[in-house]
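Written out below as structure tokens is the structure these notes cover.
Values below: all heavy atoms of this structure, side chains included; hydrogens, waters and symmetry mates excluded.
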Amino acid sequence: DVEKGVNYCGGDEEFYIDVLNDYVEENRQDVIEQLFTDENYADYAVEVHALKSTSRTLGIEGMGNLAEKLEHAAKDGDIDYVKANHAEAMDYLAFLLKNIQELIIEA
């Protein structure tokens, strides 16, 4: 929801694009993947929390919702849920990062 994201950025479209660029450059995916591989679910919860917050600020509700569910599962020790849903969330994040990057290049 671009309109929501721009509103969160004070109505400044250029600032919104800058924040989108930061989202792509920050690319939390590598860190989250490593924490998942290491089975470090405490830090995993922290990273997906940050992903949730940043995604929602940009109007990317779908990613925010997936990250929130992973965050709560990791915090609650529901590792089966994390293992069952991690790949879907990371695939979606990769899709988003690729598409956002293409949009930024066009902008």
Side-chain angles (χ1 to χ4, degrees):
D1 185 343
V2 173
E3 184 177 336
K4 187 176 187 177
V6 171
N7 284 337
Y8 277 126
C9 292
D12 185 336
E13 290 181 18
E14 286 185 35
F15 180 59
Y16 178 69
I17 297 225
D18 289 343
V19 176
L20 280 174
N21 191 47
D22 291 345
Y23 186 82
V24 171
E25 287 181 3
E26 187 175 79
N27 188 358
R28 292 190 181 281
Q29 186 171 8
D30 294 338
V31 172
I32 293 169
E33 290 282 13
Q34 188 60 54
L35 293 168
F36 178 79
T37 299
D38 293 345
E39 298 182 352
N40 181 344
Y41 299 111
D43 289 342
Y44 180 92
V46 171
E47 287 297 321
V48 293
H49 170 82
L51 176 62
K52 171 194 74 178
S53 300
T54 306
S55 297
R56 287 188 171 156
T57 298
L58 291 169
I60 308 170
E61 290 295 322
M63 186 74 256
N65 294 339
L66 288 172
E68 180 178 28
K69 290 175 184 174
L70 288 170
E71 173 193 3
H72 290 295
K75 283 181 178 179
D76 295 342
D78 187 356
I79 305 312
D80 289 338
Y81 182 89
V82 174
K83 288 181 178 180
N85 294 279
H86 170 81
E88 175 189 358
M90 292 301 98
D91 288 346
Y92 186 49
L93 180 57
F95 169 81
L96 286 170
L97 293 171
K98 179 181 180 283
N99 285 297
I100 292 168
Q101 187 169 26
E102 289 174 7
L103 288 171
I104 291 170
I105 290 169
E106 292 175 9

Can you tell me how far [atom2] of [Y] sits from [atom1] of [X], rounded to the nearest 0.5 angstrom?
X	Y	atom1	atom2	value
N21	F15	CG	CZ	12.0 Å
L20	L96	CG	CG	10.5 Å
I32	L51	CD1	CG	4.5 Å
K75	H49	NZ	NE2	6.0 Å
E47	Q34	CD	CD	12.0 Å
S53	E71	OG	CD	7.0 Å

When you measure from the side chain of E13 to the backbone of V6, do you find a donor-acceptor pair of N or O atoms at a distance under 3.5 Å? no
Using a 3.5 Å distance criterion without hydrogens, assess whether the side chain of Y16 forms a donor-acceptor pair with backbone atoms of L58. yes
Taking C-beta and beyond as the side chain, do [X] and [Y] meet within less than 4.5 Å on heavy atoms?
X	Y	value
L97	N27	yes
L66	M63	yes
I60	Y23	yes
V24	K98	no
H86	E33	yes

What's the verdict on side-chain contact (heavy atoms from CB on, under 4.5 Å) for K69 and K52, showing C-alpha distance, side-chain angles and the deciding distance? CA-CA 9 Å; K69 290 175 184 174; K52 171 194 74 178; over 6 Å; no
Is the ring pair F95/Y92 parallel, tilted or perpendicular, if the boundaries are 30 and 60 degrees? parallel
Considering non-hydrogen atoms only, spot the tightest contact between A74 and V82 and give its length. N-CG2, 3.7 Å
Cluster check M90, V46: I/L/V/M/F/W/Y, side chain < 4.5 angstrom: no
